[in-house]
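Hydrogens, waters and symmetry mates play no part in the numbers below; they use all other heavy atoms, side chains included. Both ligands and their constituent atoms are indexed starting at 1 by order of listing.
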Amino acid sequence: MKVVDLLIEARWIVPVDPAGVVLENHAVVVDNGRILAVLPQDEAASRFSAKSHKRLEQHVLIPGLVNLHTHAAMSLLRGLADDLPLKEWLQHHIWPAEAEHVSEQFVYDGTLLACAEMLRGGITCFNDMYFFPGAAADAALASGMRAAIGLITVDFPSSYATDADDYLAKGLAIRDQRLEQPLLSFCLAPHAPYTVSDAGFAKVLTLAEQIELPIHLHLHETGQEIEESVQRFGVRPIERIRRLGLLSPALIAVHGVHLEAHEIDLLAQHGCSLAHCPSSNLKLASGIAPISELVAKGINIGLGTDGAASNNRLDLFQEMRLAALLAKQQSGRADALNAHQVLHMATLAGARALGLEAQIGSITPGKAADLCAVALDDLVLAPCYEPVSHLTYAVGREHVSAVWVAGRIRVEDGQLIESNETGLIKLALLWQNKIRP
Ligand SMILES: CSC[C@H]1O[C@@H](n2cnc3c(O)ncnc32)[C@H](O)[C@@H]1O
Ligand SMILES: [Zn+2]
């Protein structure tokens, strides 16, 4: 019998790959942080002796969720400026607050708080875009969470950096210092077409090609963004980005709310990914992304929460439900996006966009053991005919009972391990008193 680190037996396992499969009474064998095997429980018992054993009698085990777009540290700005459209929200509220308060400590503390919220909700990996990305990376590592850290660029100075060259040089140094961290990966993260010049994009593209990183960019979020681009550059943002050479499989276009048919074709032809953030798009009244049309063209779509100042939750179960419901409403077809497709978006599609498809996103031997157990023995989830249906339409993040990142348990019985929740609330209160004394 082979001795292994961990054996997880679950009532249901949804590996996500192969698509549409639900395994009953199977086990996941974990060793050295990786998935060694997925097999029937009786076979697992005869082949493996585990140092640690978890029995999930009434649970469904899924891959850890991948949050494809966030600004984690903005958890400290949650609820600061509600009920506003994007431009007014950013220019008159968020950017002034960031100019006054964002520091390395703000980003570390805010990201720590966000990681706690995300882990408790079954998210094991997040794709971040924010100032002081080194502090975000360190907070993710301190939380034992996987993160794709955005090396940001904007054309305005901040407390973090002065201009495009400075942003990129600082980002590269942050990456160089953390290259050996197995839980970290990196993206180039130019903020948006309206805050990055052609020269800034050219620099981003050169770097992304040299060091083979994805490019994480807000794109076509509002109608106003598009109108202003036409006035300023004579073309819509996607066309400008195309001319600059940024449309490629490396691009993670965030939002894509306003897309014409030929622009959807362009994204498909170039193999771009899209980060769909339905709550943020609804709250800022930006619109609803044409998801069923994007799906029909085979575009890789992951789900994001965006920051907590525009959502105001970092809750991918809510984004899953919303994504499914909005796609149905928008297309007029009840089968527009089914529960399996939505779970795929929240896991493997996000991993693929980040270039992490070989490492995470499905319960597959050889991949990292990033796993999420959801307890279905709650009256609000009874009866349960189909666990994947429940994951999209009925489950809330409060039903997450256990979470592992690279085989290490981070949440047990719905509670964070090695994390002081009371301390985090106190930390948030300290910032609240600073920001709104
Ligand atoms: C350069 S750091 C990231 C920058 O993005 C801002 N931001 C947060 N949410 C959004 C959004 O929905 N659209 C555009 N920009 C957003 C954040 O406040 C930071 O300044
Ligand atoms: Zn955003």
Where ligand 1 meets [X] - atom numbers and elements under 4.0 angstrom, heavy-atom basis:
X: Asp306; value: 9 (N), 11 (C), 12 (O)
X: Tyr130; value: 2 (S), 19 (C)
X: His255; value: 12 (O)
X: Leu86; value: 11 (C), 12 (O), 13 (N)
X: Ile94; value: 18 (O)

Examine all N, O or S atoms of His69, backbone included, and report whether one is under 2.8 Å from the Zn ion (ligand 2). yes
Are any N, O or S atoms from Cys277 nearer to the Zn ion (ligand 2) than 2.8 Å? no
Considering the options [options], which one meets the side-chain contact (heavy atoms from CB on, under 4.5 Å) requirement together with [X]?
X: Leu314; options: Glu319, Met118, Arg120; result: Met118
X: Pro15; options: Val38, Leu23, Thr364; result: Leu23
X: Met129; options: Thr70, Ile149, Ile152; result: Ile152

Mark yes when over 12 heavy atoms from residues, nucleotides or ligands other than Gln91 sit less than 6.0 Å from its CD; otherwise mark no. yes
Restricting to N, O or S, what is the name of the atom of Asp306 that lies nearest the Zn ion (ligand 2)? OD1
With respect to atom 19 (C) of ligand 1, which of Glu98, His191, Met129 exhibits the smallest heavy-atom separation? Glu98
Closest to atom 14 (C) of ligand 1 by heavy-atom distance, out of Phe156, Tyr194, Trp89, Trp95, is Tyr194
If you have a sec, work out which protein heavy atom is nearest atom 13 (N) of ligand 1 and how many Å separate them, to one decimal? Glu221 OE1, 2.7 Å
Atom 9 (N) of ligand 1 [closest protein heavy-atom partner, distance rounded to 0.1 Å]: His71 NE2, 3.3 Å
Flag the pair His218 / His220 as yes when their ring centroid distance falls below 6.0 Å, and as no otherwise. no
Of all heavy-atom pairs between Asp315 and Arg313, which one has the smallest distance, and what is that distance? OD2-NH2, 2.8 Å
Between Glu293 and Lys297, is there a salt bridge with N-O shorter than 4.0 Å? no
Look at the aromatic rings of Phe131 and Phe156 and report parallel, tilted or perpendicular, splitting at 30° and 60°. tilted
